[in-house]
Amino acid sequence: MAKQHERRGRTLAQAVHAAVVIARNAVTGGSLQALALATEPRRMAGYIAESRFLFRTYADRRGLPQRPVHEVLGGGGEQDIRLGNLEGETWFGPTASYLTDIVSLCMICRILRPARVFEIGTLHGYTALHFALNSPDDAIIFTLDLPRGGGAQPSLPTTIMDAMHVDASLAAQRRCFEGLPVESRIRPLYGDSATFDFSPYHDSIDLFFIDGAHSYDYVRSDTERALKCVRPGGVIAWHDFGRAGVNGVSRWLLEMQRDGRAIYSVPGGSLAFMVAPD
C-alpha cells in the first residue's frame, strides 16, 4: 500500500511539474519572448513569423496533408543527396525549416531524375545549384528572375517581402553556382514571370519550382504556367507555404486543394508539392 501511495505521489508530482513547465513556456515563450529583440525589429518580426509557422506545422493546422516526398513519389526512404553549403549563400540558418525544404527538393530530384528543371525565382542561385547537384549529369536547369540591371516593374501585385528579395537579387555580385562545374548546365533566364513566354517549355519540364513573387496573383499566374510546362507525372513544387505574412501562397494552394488537386506539404518545412496529372 505504501508503494502504491508513493507511485501516485510521484505521478502527481510529475503532472504538476509538467503543468508548471507548460504554463511557464506559454507565458514566456513564443511571440512574447520576442520582446527581447525589440531593439532589432527585423529579427523580431522574423522570430515571430517563424514561431507562428512552427506552431501551424507542429499542430498540423496548415490545411494540406503533411507527407515526406518519398511517401508520395516513391523511391524508398533512403536517398543520397548532395548539399552545397557555400559561404554567405546557405539555407543552413538558425531555423531548421529552410534546411528541411532544401533537403526535400534534393530528394525530389534524386527520385525523379529530371532531365529538365524550371525554377521561377533565382535570387542568389542556391536552389538552382542544388537542382544541378542532385539531377543527372546531363540535366538542364532553367532559372528565371527579373533582369539584373533593375528597372523592371512587376506587372502583378507583389508583397513587401518580394521587394526585399528583388533588392537582394540586384545587389548580388554573382550567383553562387558561377565558376562551379555545374554552371554549364544552369541556364539563367530574365523577365517577369507573368509576361514571360513559356511556350518553348510546354510539356517538357520534369520539375517546376515556384519561388518568385509571393502574392496571390503571382502564385496563381506562375502555377497556371507551370501546369502547361510540366509533363504528366512530373512535379510542381512551391516554397513558403504556411508562412505567416506570405498568405498568397497558402491561399492559392488551399484553393487548388478545394478544387480537387492532391497537394502535400513536407513535415517541418514550407515546401508544398504535387504530381502533375496525366
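Computed from heavy atoms alone, side chains included, the values below leave out hydrogens, waters and symmetry copies.
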Backbone N/O of Arg116 and side chain of Asp206: donor-acceptor pair under 3.5 Å: yes
With no hydrogens and no angle check, is any side-chain donor or acceptor of Arg231 less than 3.5 Å from a backbone partner on Asp278? no
Other residues, nucleotides, ligands: >12 heavy atoms within 6.0 Å of Asp259 CG: yes
Should we count CZ of Arg113 as having more than 12 external heavy atoms under 6.0 Å? no
Look at [X] together with [Y] and state whether they make a salt bridge at an N to O cut-off of under 4.0 Å.
X      : Y      : value
Asp240 : Arg243 : yes
Arg110 : Asp80  : no
Arg251 : Glu255 : yes

Decide whether Val230 and Tyr218 are clustered together by the hydrophobic rule: side chain heavy atoms of Ile, Leu, Val, Met, Phe, Trp, Tyr closer than 4.5 Å, transitively. no
Going by heavy atoms in the side chains, are [X] and [Y] under 4.5 Å from each other?
X      : Y      : answer
Leu144 : Thr122 : no
Ile81  : Leu133 : no
Pro68  : Val266 : no
Ile263 : Phe273 : no

In terms of heavy-atom contacts, Ala272 and Phe241 come closest through CB-CB, 4.0 Å
Would Tyr201 and Phe208 count as a ring-ring contact (aromatic ring centres under 6.0 Å, His included) here? Give the steps. CA-CA 11 Å; Tyr201 310 95; Phe208 200 113; 8.9 Å; no
Chi angles and distances behind the side chain to side chain donor-acceptor pair (under 3.5 Å) call for Ser199, Asp197: CA-CA 6 Å; Ser199 59; Asp197 180 13; 2.6 Å; yes
The test is ring-ring contact (aromatic ring centres under 6.0 Å, His included); show your working for Phe131 and Phe209 and say whether it passes. CA-CA 10 Å; Phe131 288 146; Phe209 181 49; 5.7 Å; yes
